[in-house]
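So that the names make sense, note that chain A is the first sequence line, chain B the second, and so on, each numbered from 1. Both backbone and side-chain heavy atoms feed into the values below; hydrogens, waters and symmetry mates do not.
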Amino acid sequence: MDALEKKKNSPNIAKLALVLFAVTAITALVLGLVNGVTKDRIAALAVEKTKTAYANVLKADSYAKIDDAYTNDGTITKLSAAKDASGTAVGYVAETTFSGAQGMVTMVVGLNADKACTGIYVTKSSETSGLGAKASETSPGAWRDNLVGATDGVALAKDGGTVEAISGATITSRACTKEVQTVITAVSSLG
Amino acid sequence: MTTKQQLREGLITNNPVLVQQIGMCATMAITTSLFNGIGMGLSVLIILTCCNVVISAIRKIIPNEIRLAIFVVVIAGFVTIVDLLLQAFVPALSESLGVFIPLIVVNCIIIGRAEAFCQHEPVGLSFKDGIFQGLGYTCVLIIMCLFREFFGKGAFGGGLINTVNGVIGTGNGVQIFPAKYGALILTLPVGGFMCLGALIAVMQYALRRSAEKKEAQEKAEREAADAAEVKEAAE
């Protein structure tokens, strides 16, 4: 008797699954459409942004990808040699992706011919608004200026170096600083 | 329920943040510049209104047992749409708000309104509810932004006024007094807690005052009516 009643009251699992499936399918369809509309624009914006970042960290006329082997802990996604109009090498630009405090950070690092940092530019991050996100600020006097001129051995002040961390965002600051060091190491290994 | 009543509920008597006390996480986290506040407020308003309408429209075919799962799917869908559109057309806002746009999926205001309101009410009312609750949320965000920006950094309208090279979403706005005299703590998360706490206290005080006033008025009216009755009886 009990079992019978239970069966009567229990919802029809097939119907539930069907309704949920229908709602999910419609949502997926709509999302697909929106993605189709926005995909190209988002990709174009990303390319634009990387271009801006390159020019921002190290001004040069051409950037040629380096295919030679170099020391890479897996965070450098692209290393390019920067040349001016006459073909003289002016330095290096590296695209990097590494782990920040909240997720992956994508950053462009520029080095001059003496392997000193000419600037960093965070192109994508999900760091905390108001704290770690300060690493992405590009206005004059922003935190990233602290890394300009950094040479081999760069580290945060609390790790024995000279770079002051963003207050409240040590993890982000440390990750960015460490990445600059990684790029310096990579370029040094090119010989 | 009239439109006026709904508007009053969304903005004052049943304000999502100050009275229902939901959706507070993002409120404290992103209210650091006016640009962020308005952007987040409008994003939530749009998502909330869309979700309210859709959920209300399909409320009769949603089986009660899996309603939460369906709400979440609908909400996540709209949030992703808004997220993609922002990334494509307002990249500055998308960058500035970062992870808080995708996090609207778990913003209690939206699922709260779906559960408490839209699953029982017709589309028209749910639509208005979305607009007014969204407006209430936006107003709180704007007040918090203005307060924290002014007292924390001595600025007004960050990201909207006085932008760097005219790019929206940059700069600190108009500097009213030098930033070094501001209480920096207000711009940090802890300042968000304090600011929101103070705001809730003020709101509760005001609501209680108005409720007491109303009660007193009713009492006076009742007494007057009683007195009139006694007088009548005596005559």
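Using a 4.5 Å cut-off between heavy atoms, B:P189 contacts chain A through its side chain alone, with no backbone atom that close. Proximity to chain B (any heavy atom under 4.5 Å) is shown, for A:N35, by both the backbone and the side chain. When heavy atoms are compared at a cutoff of 4.5 Å, B:L85 approaches chain A by way of both its backbone and its side chain. Neither the backbone nor the side chain of A:K124 comes within less than 4.5 Å of any heavy atom in chain B.
Contact check for B:E65 versus A:L16: side-chain heavy atoms found under the 4.5 Å cut-off. Side-chain atoms of B:L84 and A:I42, non-hydrogen and from C-beta on, do get closer than 4.5 Å to each other. Using a 4.5 Å heavy-atom cutoff, the side chains of B:F78 and A:T27 are not in contact.
Between B:P91 and A:L45 the shortest heavy-atom distance is CG-CD1, 3.9 Å. Taking every heavy atom of both residues into account, B:V73 and A:T24 meet most closely at CG1-CA, 4.0 Å. Between A:L20 and B:A69, the shortest heavy-atom contact is CD1-CB, 4.1 Å.
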Working for side-chain contact (heavy atoms from CB on, under 4.5 Å), residues A:V30 and B:I81 | CA-CA 8 Å; A:V30 175; B:I81 290 173; 3.6 Å; yes
Derivation and outcome, side-chain contact (heavy atoms from CB on, under 4.5 Å), residues A:V23 and B:V74 = CA-CA 8 Å; A:V23 171; B:V74 171; 4.1 Å; yes
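Heavy-atom pairs under 4.5 Å with chain B peak, among A:L33, A:T38, A:I26, at A:T38.
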